[in-house]
Amino acid sequence: MTVSLGVTGATGRMGGEVLAAAADRDDLAVAFAVSRSPGDEVEGVAVEDAADFADLLASHDPDVVVDFTGPGSCIEYASACAEAGVGFVTGTTGLSEGGFDALRESASEVPVLYASNFSRGIAALRRAVREAVPALDGYDIELTETHHNAKRDAPSGTALTILDDIDDVRGESERVHGREGEAPRSEGEVGVHARRAGDIAGEHEVLLAGNHESLSLTHRAGSRGVFAAGALDAATWLADRDAGWYDFTEVLE
Ligand SMILES: NC(=O)C1=CN([C@@H]2O[C@H](COP(=O)(O)OP(=O)(O)OC[C@H]3O[C@@H](n4cnc5c(N)ncnc54)[C@H](O)[C@@H]3O)[C@@H](O)[C@H]2O)C=CC1
Ligand SMILES: O=C(O)C1=N[C@H](C(=O)O)C[C@H](O)C1
């Protein structure tokens, strides 16, 4: 079966990566791509106006839409997919709690898969963190993420996911975002640091220190291609699922 895709944010960094990765695969085909700044082709695919998204869903009837845009548009695209009966894969980060609620509402109509990070390396890092934190009880934890200078949201979606993992395994912690002035560490807090520089695709480090030793778990994305490949794997996996809320870890099982 060839999975048919709609792609949003086609003129963005990730949209371009998704279209490039899709061109190299024979298990899926791009039915249409949209952007709010349409015009030129991206990776040989015509980019249509995002304002026509609902019409394009109706005329092309794709299996799944792959979305890397912004928090507001992500919710709007998901809701249009829910109305059209089209599955939705999104890696868009920076969603508010209300945004996630809205996305989950769409998941009552169609299959929706959200992942703050579509790399297999981050999936493995998350498993390692969930094992290391209880094994190193009482150790200080600091989380540092580094991204390109055009990233809008901070901390990254991946950092927030890892923080939730830490809370899951050792109870809710205070999150201290950067430190300045008189700012001694309090027991159990997790320090969170966001760096923005150049064109770094994405780095996450979880540092655990105590008992005269430290453990650093670090992931570095070599390029955005790794995220695009994971999102396309998720899209092919999601294509024949029932309505519901899905996670990238299920794709990797
Ligand atoms: N889950 C993952 O593995 C990854 C997630 N991301 C996330 O994907 C999102 C996009 O990242 P980039 O491609 O680097 O950003 P970008 O700024 O290069 O591209 C975003 C695209 O979305 C479009 N867009 C934004 N707001 C819109 C709106 N209101 N209506 C219609 N179109 C809109 C922009 O025009 C642009 O084409 C971010 O939230 C980022 O954090 C990025 C990389 C990997
Ligand atoms: O904006 C990015 O570039 C990335 N965003 C995601 C995030 O916020 O975690 C994933 C990846 O790190 C790249």
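All figures in this text were calculated on a predicted structure; none of them were measured in a lab. Note that ligands are numbered from 1 as they come in the structure, with each ligand's atoms numbered from 1 the same way.
When only interatomic distances are considered, the shortest N/O to N/O separation between Arg13 and ligand 1 falls below 3.5 Å. An N or O contact shorter than 3.5 Å is missing between Ala10 and ligand 1 by distance. Polar contact with ligand 1: present for Met14 (N/O pair, distance under 3.5 Å). Checking only distances, Thr93 does come within under 3.5 Å of ligand 1, N or O to N or O. Between Arg224 and ligand 1, a contact under 3.5 Å exists for no N or O pair. In terms of polar-atom proximity, Gly15 is not counted as a contact of ligand 1, lacking any N or O under 3.5 Å from an N or O of the ligand. For ligand 1, the polar-atom distance check finds no N/O of Phe227 at less than 3.5 Å from any of the ligand's N/O atoms.
The local environment of CG in Asn149 is crowded, with over 12 non-hydrogen atoms from other residues, nucleotides or ligands closer than 6.0 Å.
Residue contacts with ligand 1: Tyr114 is excluded, as none of its non-hydrogen atoms falls under 4.0 Å. Using a 4.0 Å cutoff on heavy atoms, Lys151 counts as a contact of ligand 1. Contact annotation: Gly157 has no heavy atom less than 4.0 Å from any atom of ligand 1.
Considering only residues two or more places apart in sequence or on other chains, Leu252 meets the side chain to side chain contact (heavy atoms under 4.5 Å, CB included) condition with Arg120, Ala123, Phe248. For Glu203, the salt bridge (charged side-chain N to carboxylate O under 4.0 Å, His left out) partners at least two apart in sequence or on another chain are Arg220.
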Open item on the list: Thr8 vs Asp67, test: side chain to side chain donor-acceptor pair (under 3.5 Å). Steps then yes/no.
Closed with: CA-CA 5 Å; Thr8 61; Asp67 168 83; 2.8 Å; yes
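If you number the atoms of ligand 1 from 1 as listed, the ones under 4.0 Å from a heavy atom of Tyr77 come out as 31 (C), 32 (N). Which parts of ligand 1 touch Thr11 is read off a 4.0 Å heavy-atom cut-off, strictly below it: atoms 37 (O).
Applying the salt bridge (charged side-chain N to carboxylate O under 4.0 Å, His left out) test to pairs two or more places apart or on separate chains, those with a residue in residues 16-28 are Arg25-Asp27, Arg25-Asp233.
When heavy-atom distances to ligand 1 are checked against a 4.0 Å cut-off, Ala150 has no atom that comes that close, whether in backbone or side chain. For Ser116, every heavy-atom contact with ligand 1 shorter than 4.0 Å involves the backbone, none the side chain.
Contact residues for ligand 2 (protein heavy atom closer than 4.0 angstrom to any ligand atom): Thr93, Ser116, Asn117, His147, His148, Lys151, Asp153, Ser156, Gly157, Thr158, Ala201, His204, Phe227.
Side chain to side chain, His204 and Thr144 fail the donor-acceptor criterion of an N or O pair below 3.5 Å.
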